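Comments concern the structure below.
As the structure is a prediction and not an experimental result, all values here were calculated from the model. Scope of the values below: all heavy atoms of this structure, side chains included, with no hydrogens, waters or symmetry mates.
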Amino acid sequence: MRSARMSSDSTEPRKGNPALGEGGAGSMADALRAVDRLRRVSRRALLTGIIGSGLLAADMMVTRAVQAQRRSTVVLTANDDDARRRFPGTSWMLLPGYKTSWEEAQLIITLLAPSLGERGQLAAVGYSNNGLEVDEVVNAILAHASRYRLDELHLYGHSFGGMLAIDVAARLARLDASGAGNVPRVGAVVLDSTPASKYDVKDLSWFEGVVELYELGFRVPSILRGGYELGERIVNKHERTWTQVVDQALEQLTPLAPSSVLIQTESEYIYNWDVTRFAGEIGGAQLGFIGNPSDQTVDYESARARWQKYFPDNLVSSSLQTLGAFPAHASPEWSALVYNTVLGQLLPQLLPLPRKVGGAGGGGR
């Protein structure tokens, strides 16, 4: 019946006023009814609708732009003109923790400027939403070092980012030993609540499930992830205030949040990370481990013991604690004062500043 009707319409179109287009009186009546309905809409409601539609269109455009932009790993710089002037060849590089967005990474490195900025410039890695690739991270860091003519890097490993920092330090050391040119040396690595093994993670069962799903090819859809993000934080309410529970859950559902693929690859990286592969492989980099005995995400004592065991020649300090930070696990963005105070004690041990001679100003290491 549908095909016969279409055939009939195509051979005998309705006649009407050409100015009104196909359909004649019927179309004109529909148009008049639409105009009458529009006339009944208040100017305020019409304006509100137009503005709302415009904002929605703009939001969709921004979301697409953000998603397209974040398909590559990049190095994010902070506004640190003074540090660039004082330390032209040295920079900190923040390796962000699990589920950390680009914006949060920049916030962390900026808030730590009072302490880290006394030893170098400030930058952070923004991971690709296509997934965590260590080679891509190393290449982005090397490109950044080449662009800014850096010959020394200090790495700040935020939570799981400390695992990645050790990996990056080992790869840079191997590149340098191979004779590759323009490879910056790693002077220091700060491990902020970083597990030295998957067995230091208290809720290991969750990682097992996420990794298994990823290896089976399943990608967690946003609607399921949203429920999990909120539920996970409510279950671990003892680590957060209600404001932090809501804020952190919502952060994971915005277009700016790390993708589900990135989170699953981060989980896989943590789950398969083997500390013994890197023991003795990071050259002369000086390590400092800081953490909190109240940490409910990473077992502080277990992680600390492993770092002491496998990096005895590099570990300079493992006794400083971020007591008073809340949440207790890797929270410089929430407890900047606590972290800057602790780093103020740690950095002179890792990177002693040269003594001032004849009133001369300070400088890099």
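- Remark: the backbone N or O of L262 is paired with a side-chain donor or acceptor of T265 at under 3.5 angstrom.
- Applying the ring-ring contact (aromatic ring centres under 6.0 Å, His included) criterion to Y300, with sequence neighbours excluded, gives F289.
- T73 places no side-chain N or O within donor-acceptor distance of the main-chain N or O of V137, the cut-off being under 3.5 Å.
- At most 12 heavy atoms of other shown residues, nucleotides or ligands fall within 6.0 angstrom of atom CG in N79.
- By the 4.5 Å heavy-atom criterion applied to side chains, H158 and T100 are counted as neighbours.
- When side chains are defined from C-beta on, H154 does not count as touching V190, because their heavy atoms never get closer than 4.5 Å.
- Taking the six-membered ring for Trp and thresholds of 30 and 60 degrees, Y127 and F160 have ring planes inclined between 30 and 60 degrees apart.
- Under the salt bridge (charged side-chain N to carboxylate O under 4.0 Å, His left out) criterion, D167 pairs with R171, sequence neighbours left out.
- Side-chain contact check for R304 versus S319: some heavy-atom pair is nearer than 4.5 Å.
- A side-chain donor-acceptor contact under 3.5 Å links Q349 to the backbone of Q345.
- Using a 4.5 Å heavy-atom threshold, the side chains of R306 and S197 count as touching.
- Between the side chain of N340 and the backbone N or O of S115 there is at least one donor-acceptor pair closer than 3.5 Å.
- Remark: R70 qualifies as a cation-pi partner of W102 under the 6.0 Å distance and 45° angle criteria applied to the six-membered ring.
- For Q321, the CD atom sits in a packed shell: over 12 heavy atoms of surrounding residues, nucleotides or ligands are nearer than 6.0 Å.
- With hydrogens and angles left out, the side-chain atoms of S178 and R174 include no donor and acceptor closer than 3.5 Å.
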* **Verdict with supporting geometry, V201 and I270, side-chain contact (heavy atoms from CB on, under 4.5 Å)** => CA-CA 9 Å; V201 179; I270 297 168; 4.3 Å; yes

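- At a threshold of 4.5 Å between non-hydrogen side-chain atoms, the residues D192 and P332 count as touching.
- Electrostatic pairing of D81 and R85 does not count as a salt bridge here, judged by no charged N lying under 4.0 Å from a carboxylate O.
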* Asked: Step by step, would you call S128 with E133 a side-chain contact (heavy atoms from CB on, under 4.5 Å)?
  -> CA-CA 8 Å; S128 167; E133 292 287 347; over 6 Å; no

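- For K99 and E104, the salt-bridge test fails: no basic side-chain N is under 4.0 Å from an acidic carboxylate O.
- Considering CD of Q106 and CG of L94, their distance stands at 10.0 Å, rounded to 0.5 Å.
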* Candidate pair Y98 and I263, rule side-chain contact (heavy atoms from CB on, under 4.5 Å), full reasoning -> CA-CA 7 Å; Y98 188 59; I263 289 174; 3.5 Å; yes

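- When all heavy atoms are compared, the tightest approach of T110 to P114 is O-CD, 4.2 Å.
- A196 and A303 make their closest contact through CB-O, 4.1 Å (heavy atoms, listed as atom of the first residue, atom of the second, distance).
- Counted by atom type alone, H329 and S159 present one or more donor-acceptor pairs between their side chains at under 3.5 Å.
- I290 and V298 fall into different hydrophobic clusters, defined by Ile, Leu, Val, Met, Phe, Trp and Tyr side-chain heavy atoms under 4.5 Å apart, directly or through other members.
- Closest approach of M93 to V75, counting heavy atoms only: SD-CG1, 3.8 Å.
- Once rounded to the nearest 0.5 Å, the distance linking CG of N130 with OG of S259 reads 7.0 Å.
- Rounding to the nearest 0.5 Å places CG of L153 at 7.0 Å from CG of L172.
- Connection of L164 to L175 is established within a shared hydrophobic cluster, with ILVMFWY side chains joined at heavy-atom distances below 4.5 Å, either directly or through further cluster members.
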* Worked check of side-chain contact (heavy atoms from CB on, under 4.5 Å) between R84 and L122 -> CA-CA 9 Å; R84 286 199 183 105; L122 305 171; over 6 Å; no

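- Two different hydrophobic clusters hold L132 and L76 under the rule that ILVMFWY side chains link at heavy-atom gaps under 4.5 Å.
- Note: the hydrophobic cluster containing V338 does not contain L111 (ILVMFWY, side chain heavy atoms under 4.5 Å, direct or indirect links).
- Take F311 and apply the ring-ring contact (aromatic ring centres under 6.0 Å, His included) test, not counting sequence neighbours, and it matches W307.
- Cluster annotation: L107 is not connected to V125 through the hydrophobic network of ILVMFWY side chains, with a link wherever side-chain heavy atoms come within less than 4.5 Å.
- Between Y339 and W334, the gap from one ring centroid to the other reaches at least 6.0 Å.
- Residues R185 and D176 are not paired through a salt bridge, judged by the lack of any N-O separation under 4.0 Å between the basic side chain and the carboxylate.
- For the pair N272 (side chain) and Y269 (backbone), a donor-acceptor distance under 3.5 Å is absent.
- Listed here is the closest heavy atom pair of P348 and G344: CD-O, 3.2 Å.
- Proximity of a side-chain donor or acceptor of E301 to a complementary backbone N or O of D299 within less than 3.5 Å is not detected.
- In this structure, the separation between CG on L287 and CG on L350 is 8.0 Å, given to the nearest 0.5 Å.
- Between the side chains of N182 and S146, no donor-acceptor pair of N or O atoms lies under 3.5 Å.
- One distance of note links CZ of F326 with OG of S335; it measures 9.0 Å at 0.5 Å rounding.
- Checked by atom type and distance alone, the side chain of N314 pairs as donor or acceptor with a backbone atom of G283 at under 3.5 Å.
- With rounding to the nearest 0.5 Å, the separation of CG in L150 from CD in Q121 is 5.5 Å.
- Of all heavy-atom pairs spanning L116 and W92, the tightest one is O-NE1, 2.9 Å.
- Contact annotation: the side chain of T77 approaches that of H144 to within less than 4.5 Å [non-hydrogen atoms, C-beta and beyond].
- Considering only heavy atoms from C-beta on, T322 stays 4.5 Å or farther from S331 through its side chain.
- Between V186 and L155 there is a side-chain heavy-atom pair separated by less than 4.5 Å.
- Shown here for G117 and A83, the closest heavy-atom pair between the two residues is O-CB, 4.3 Å.
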